[in-house]
Structures are given as C-alpha cells and as structure tokens.
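Report on one structure; see the data block that follows.
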Amino acid sequence: LFGTGDDVITVTELDPGFAAALRIDGQGGTDQVDVTESLFLNGGSFTVNSDNINVTAGVTISTRATDAGDDSIADSGAVTLDGRVIDLPAGSSILAQANNDYTSGDVLIRAEATETSFSFLPDFLERNAAARIELEGVTIQGGNVTVEAIARTTKGTAETDDPFLS
C-alpha cells in the first residue's frame, strides 16, 4: 500500500520460487508503478491499482505455473492493471493462460478517470477527464481478456450562468 502522497514504486524482480499473489495498491495522491523486470508469479495473481502503470519494453508478467517444458502444473492467477494511464510497450507480455485441464487466469486492463468541474471554477472549460491505455506489439493471453478505457466528465452549472460560456 502506498501512503497518501505522490508515490513511485519500481518492481524489479521476484525470487524464482515466489508463488503467491502480489498486490500493489495506490491510495491518496498521484501514484506510479513501474515494472522494469519480468515477473513470474507461479500461479499467484498480480494486481496493480495506481494512477500510472508503466511496463518496460520486453518485460513479461506471467502468472502461469509451469514445468520445464512450459506445460501447466496448476491454475494460472489473474492479472489486473487498474489505473488512469497504462503503458504496455512493444515486446511486453502478459501471460495467464493454462493448458492440461488447468484454469487460465483472467486479464483485466482498465484505465478510468473522472473529472468534476463547476462553473464558478476558473478552469471550468479546460477540466476534462482523460484515461489512456497504450498497447502496441503486446502479447496478452489469458482466460477472459478485457481492455477498457473509461473517461467521465461532469460539468455543473447554475441557472444564472451564461449558456454561452467562452
């Protein structure tokens, strides 16, 4: 868990025997998570909730539990990346698939932003929500794969406001 300030966490690597869920949860402030090395969770799930999520090119996030021949030996964990801006550059991979009657993990990549503005604020017209997911040349495999970007902007006015604000 992050604190209430603007925090940055860099995830470099896990012990090869790591086989558990990993959850990184941003709280207050504007937080950022950078995954700079490949992660193998051996059946554990991987969840990141942060304003900004960046994966380095060529990095693999895998929740598969496999033998030396890359065959599943247990269910794969889910992968959830939930933020406002998510960047998965070329060559990066998210692997949560399974074979040999084991269950694949679901993959959810969701960018969501909400902005509320009122007419008495000086930047009323400029305030708009922006959510972004950048995917280019990425491999994503899993059970149910969902990629969604949602931006909601709410503007509040009063009866006495000029309807032609400029």
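Computed from heavy atoms alone, side chains included, the values below leave out hydrogens, waters and symmetry copies.
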Just how far is it from atom [atom1] of [X] to atom [atom2] of [Y], taken to the nearest 0.5 Å?
X	Y	atom1	atom2	answer
L41	S62	CG	OG	7.5 Å
T153	N128	OG1	CG	4.5 Å
N100	T66	CG	OG1	11.0 Å
T30	N52	OG1	CG	7.5 Å
T146	I109	OG1	CD1	9.0 Å
T60	F40	OG1	CZ	5.5 Å

Nearest non-hydrogen partners of [X] and [Y], listed with the distance:
X	Y	value
P89	T56	CG-C, 3.8 Å
A130	A113	O-CB, 3.3 Å
N144	D106	N-OD1, 2.9 Å
F46	I61	CD2-CG2, 3.7 Å

message: When you measure from the side chain of D31 to the backbone of D7, do you find a donor-acceptor pair of N or O atoms at a distance under 3.5 Å?
response: yes

message: Quick check against the 3.5 Å criterion: does S104 have a side-chain atom that pairs as donor or acceptor with the backbone of A98?
response: yes

When the side chains of residues 76-88 are checked against the rest of the protein, which donor-acceptor pairs come out under 3.5 Å, sequence neighbours left out?
| residue | atom | partner | partner atom | Å |
| --- | --- | --- | --- | --- |
| S76 | OG | Q97 | O | 2.8 |
| D82 | OD1 | R110 | NE | 3.4 |
| D82 | OD2 | R110 | NH2 | 2.8 |

Those residues that, when tested against [X], pass side chain to side chain donor-acceptor pair (under 3.5 Å) (two or more places apart):
X	result
N99	D71, S72
E112	R152
E13	none

- request: Hey, could you give me each pair passing side chain to side chain donor-acceptor pair (under 3.5 Å) that has a residue in residues 34-43? Not counting sequence neighbours.
  value: Q32-D34, D34-N54

Are [X] and [Y] joined in one hydrophobic group, where the rule is that I, L, V, M, F, W and Y side chains link up if heavy atoms are under 4.5 Å apart?
X	Y	result
I140	L108	no
I73	F18	no
I94	V11	yes
V48	L22	yes
L39	V55	yes

task: With side-chain contact (heavy atoms from CB on, under 4.5 Å) as the test, would you mind laying out the steps for I9 and I24 before giving the verdict?
output: CA-CA 9 Å; I9 187 167; I24 302 169; 4.0 Å; yes

task: Determine whether L95 and T139 make a side-chain contact, defined as any pair of heavy atoms from C-beta on separated by less than 4.5 Å.
output: yes

field: Sequence neighbours excluded, every pair satisfying salt bridge (charged side-chain N to carboxylate O under 4.0 Å, His left out) that has a member inside residues 42-70
entry: R64-D70

